[in-house]
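One structure is given here, and the rest of the page talks about it.
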Amino acid sequence: MGGRTVSVSATQFACTDDVSTNVDTAERNRSVVALGRLVRAAHGKGANIILIQELFEGYYFCQAQREDFFLRAKPYKGHPTIQRMQKLAKELGVVIPVSFFEEANNAHYNSIAIIDADGTDLGLYRKSHIPDGPGYQEKFYFNPGDTGFKVFQTKFAKIGVAICWDQWFPEAARAMVLQGAEILLYPTAIGSEPQDDGIDSRDHWRRVMQGHAGANLVPLVASNRIGKEVIQTEHGNSEITFYGTSFIAGPAGEIVADADDKDESVIVAEFDLEKIKSKRNSWGIFRDRRPDLYKVLLTLDGSYPC
């Protein structure tokens with residue numbers, strides 16, 4: 001059984017701290033030596049759904065707690081980068097999730113707009129889990145997302161999109177697949193730890209998401225940035241080297257395409273969603289679920305109030 005084939009892609013590049021340059025890099029088709037085959041090149045390789053990394057408009061500014069960085073936020077409606085990507089999606093006939101720093105009156109979110117293959121904006125997801133640690137001080141900038149986990153019906157597939165720190169929580173992946181997500185996508189900004197250069201989380205990062213793919217029997221796409229970024233903080237400079245290693249996993253959790261930790265890349269993989277659906281149904285993991293036994297997941301400490 002088969003018949004509904006979809007090609008997915010992840011891009012990977014080093015950001016500058018200039019919005020227009022990064023949007024150009026995400027969009028344009030240059031040689032491998034220059035900027036490497038991003039959205040247009042992914043389309044040239046047959047990709048239908050193309051994932052760009054988290055907050056790709058500039059440096060990952062959350063290394064520092066700075067008031068001036070709030071000026072980077074823009075409202076969702078009329079956002080110039082989203083509008084530009086809508087035109088590109090329509091031109092190429094591809095789906096593009098677009099990550100951005102959202103201003104919503106006095107609230108701020110780490111958000112992503114899902115652009116369908118005809119350029120239609122299908123809606124918004126706001127990052128639910130907000131990290132707070134050395135080099136990743138997102139709680140200073142972002143409110144916890146209020147959209148809940150969502151699934152978007154695109155031209156090619158139902159997709160679930162969550163953002164970076166969300167990828168460490170299996171509940172998020174399961175919530176999206178329960179709502180019908182056929183593919184999971186995670187735009188990301190992760191690399192070294194400024195407080196301890198002995199920490200290298202890349203393999204752990206990958207294995208957790210491979211587990212989401214395997215536990216839910218769906219393909220999964222993760223896009224991460226590369227390069228060294230230095231941000232001035234109140235205590236001096238903070239530096240992160242982002243480790244890339246963007247990848248695409250199959251429904252058994254196997255890695256079917258991946259990038260290295262240094263090079264600008266476009267990776268592509270093709271899946272037969274009907275064949276995967278048949279396998280998912282026959283495997284029985286959704287048939288045998290026991291939601292009546294999972295109420296403990298609604299608690300923080302694993303115990304119920306007396």
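Heads up: numbering here begins at 1 and tracks the sequence. This structure is a prediction, so every number in the text was calculated from the model and none was measured.
- Between the side chain of Glu254 and the backbone N or O of Ala252 there is at least one donor-acceptor pair closer than 3.5 Å.
- Within the structure, side-chain hydrogen bond (donor to acceptor under 3.5 Å, both in side chains) contacts touching residues 178-190 (residues at least two apart or in different chains) are Arg4-Glu182, Gln167-Thr188.
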Please determine whether side-chain contact (heavy atoms from CB on, under 4.5 Å) holds for the pair Val221 and Phe247, giving the CA-CA distance in whole Å, both sets of side-chain angles, and the decisive distance to 0.1 Å. CA-CA 6 Å; Val221 185; Phe247 70 95; over 6 Å; no

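- Note that CE of Met85 is 11.0 Å distant from OG of Ser99, once rounded to the nearest 0.5 Å.
- Other residues, nucleotides and ligands contribute over 12 non-hydrogen atoms within 6.0 Å of the NZ atom of Lys139.
- Using a 4.5 Å heavy-atom threshold, the side chains of Val266 and Leu38 count as touching.
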Listing, residues 106-113 side-chain donor-acceptor contacts under 3.5 Å, not counting sequence neighbours, or none:
from: Tyr109; atom 1: OH; to: Asp146; atom 2: OD2; distance (Å): 3.4
from: Asn110; atom 1: ND2; to: Glu54; atom 2: OE2; distance (Å): 2.7
from: Ser111; atom 1: OG; to: Glu102; atom 2: OE1; distance (Å): 2.6

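- Ion pairing between Asp261 and Arg202 holds under the 4.0 Å rule for side-chain N and carboxylate O.
- Listed by first and then second residue, the side-chain hydrogen bond (donor to acceptor under 3.5 Å, both in side chains) pairs involving residues 211-227 are Arg174-Asn216, Arg225-Glu229 (not counting sequence neighbours).
- Within the 6.0 Å centre-distance limit, the rings of Phe61 and Tyr141 are counted as a close aromatic pair.
- Atom NZ of residue Lys45 and atom OG of residue Ser7 lie 10.0 Å apart, to the nearest 0.5 angstrom.
- By the neighbour-count criterion of 12 heavy atoms within 6.0 Å, atom CD of Glu234 is densely surrounded, having more than that number from other residues, nucleotides or ligands.
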Check step by step if side-chain contact (heavy atoms from CB on, under 4.5 Å) holds for Leu220 and Ile248. CA-CA 6 Å; Leu220 184 148; Ile248 301 171; over 6 Å; no

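- Interatomic distance, CG of Leu92 versus NZ of Lys87, reported as 14.0 Å (0.5 Å rounding).
- Side-chain N/O atoms of Asp166 and Tyr125 include a donor and acceptor closer than 3.5 Å.
- Under a 4.0 Å N-O distance rule, the pair Arg206/Asp258 qualifies as a salt bridge.
- Electrostatic pairing of Asp68 and Arg66 counts as a salt bridge here, judged by a charged N lying under 4.0 Å from a carboxylate O.
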Please report the C-alpha distance between Asp263 and Ser265 in whole Å, then the side-chain angles of each, then the deciding distance to 0.1 Å, and finally whether the side-chain hydrogen bond (donor to acceptor under 3.5 Å, both in side chains) criterion is met. CA-CA 6 Å; Asp263 295 321; Ser265 303; 5.9 Å; no

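- Between the side chain of Thr299 and the main chain of Val296, a donor-acceptor pair closer than 3.5 Å is present.
- Taking both residues in full, the closest heavy atoms of Phe152 and Gly123 are given as CE2-C, 3.8 Å, listed atom of the first, atom of the second, then distance.
- Cluster annotation: Tyr243 is not connected to Val230 through the hydrophobic network of ILVMFWY side chains, with a link wherever side-chain heavy atoms come within less than 4.5 Å.
- With Gln137 contributing its side chain and Gln63 its backbone, the two residues share a donor-acceptor pair below 3.5 Å.
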Give the intermediate values and the outcome of side-chain contact (heavy atoms from CB on, under 4.5 Å) for residues Asn237 and Ile231. CA-CA 6 Å; Asn237 286 341; Ile231 297 288; over 6 Å; no

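- Checked by atom type and distance alone, the side chain of Lys295 pairs as donor or acceptor with a backbone atom of Asp292 at under 3.5 Å.
- For Phe142 and Phe101, the distance between ring centers is under 6.0 angstrom.
- Taking a 6.0 Å sphere around CD of Gln232, one finds it holds 12 or fewer heavy atoms contributed by other residues, nucleotides or ligands.
- By the 4.5 Å heavy-atom criterion applied to side chains, Phe100 and Ile82 are counted as neighbours.
- For the pair Ile276/Val218, no side-chain contact is recorded, criterion being any heavy-atom separation below 4.5 Å from C-beta on.
- Ring planes of His204 and Trp168: perpendicular class, angle over 60° (limits at 30 and 60°).
- Among all heavy-atom pairs drawn from Pro187 and Leu51, the shortest one is N-CD2, 3.8 Å.
- Annotation: the span from Ile267 atom CD1 to Ser246 atom OG amounts to 6.0 Å, rounded to 0.5 Å.
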Given side-chain hydrogen bond (donor to acceptor under 3.5 Å, both in side chains), test Glu57 with Thr81 step by step and report yes or no. CA-CA 8 Å; Glu57 290 183 293; Thr81 299; 2.5 Å; yes

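- The shortest side-chain heavy-atom distance between Thr245 and Trp205 falls under the 4.5 Å cut-off.
- Between Tyr60 and Tyr136, the angle of the ring planes lies from 30° to 60°, which puts this pair in the tilted group.
- Residues Phe242 and Ile190 are not in side-chain contact: their nearest non-hydrogen atoms beyond the backbone lie 4.5 Å or more apart.
- Counting heavy atoms from C-beta on, the side chains of Ile183 and Ile49 come closer than 4.5 Å.
- Within the 4.5 Å cutoff, the side chain of Thr5 has no heavy atoms near those of the Leu273 side chain.
- Using modelled atom types, no side-chain atom of Asn48 and backbone atom of Val95 make a donor-acceptor pair closer than 3.5 Å.
- Judged by a 6.0 Å distance limit and a 45° cone about the ring axis, Arg289 is not positioned over the six-membered ring of Phe286.
- Among all heavy-atom pairs drawn from Gly191 and Ser201, the shortest one is O-OG, 4.4 Å.
- The shortest side-chain heavy-atom distance between Thr233 and Gln65 does not fall under the 4.5 Å cut-off.
- Listed here is the closest heavy atom pair of Gly135 and Pro194: CA-CG, 3.7 Å.
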Criterion side-chain hydrogen bond (donor to acceptor under 3.5 Å, both in side chains) on Thr16 and Tyr59, from CA distance to verdict: CA-CA 6 Å; Thr16 71; Tyr59 279 174; over 6 Å; no

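- A donor-acceptor contact closer than 3.5 angstrom links the side chains of Thr120 and Asp118.
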Go through the steps to decide whether Arg72 and Glu103 satisfy the test salt bridge (charged side-chain N to carboxylate O under 4.0 Å, His left out), and finish with yes or no. CA-CA 9 Å; Arg72 298 174 180 234; Glu103 178 184 78; over 6 Å; no

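- No path of Ile, Leu, Val, Met, Phe, Trp and Tyr side chains, each step under 4.5 Å between heavy atoms, connects Ile226 with Ile240, placing them in separate hydrophobic clusters.
- With a 6.0 Å radius and a threshold of 12 heavy atoms from other residues, nucleotides or ligands, Asn105 has its CG atom at or below the threshold.
- Taking CD from Glu270 and OG from Ser9, the interatomic distance works out to 12.5 Å, rounded to the nearest 0.5 Å.
- Between Trp165 and Pro131, the shortest heavy-atom distance links the atoms CD1-N, 3.6 Å.
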Would Phe149 and Ser128 satisfy side-chain contact (heavy atoms from CB on, under 4.5 Å), going step by step from the backbone distance to the final call? CA-CA 8 Å; Phe149 302 110; Ser128 300; 3.5 Å; yes

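- The shortest non-hydrogen separation linking Val98 to Ile115 is CG2-CG1, 3.9 Å.
- Between the Glu138 side chain and the Asn143 main chain, no donor and acceptor come within less than 3.5 Å of each other.
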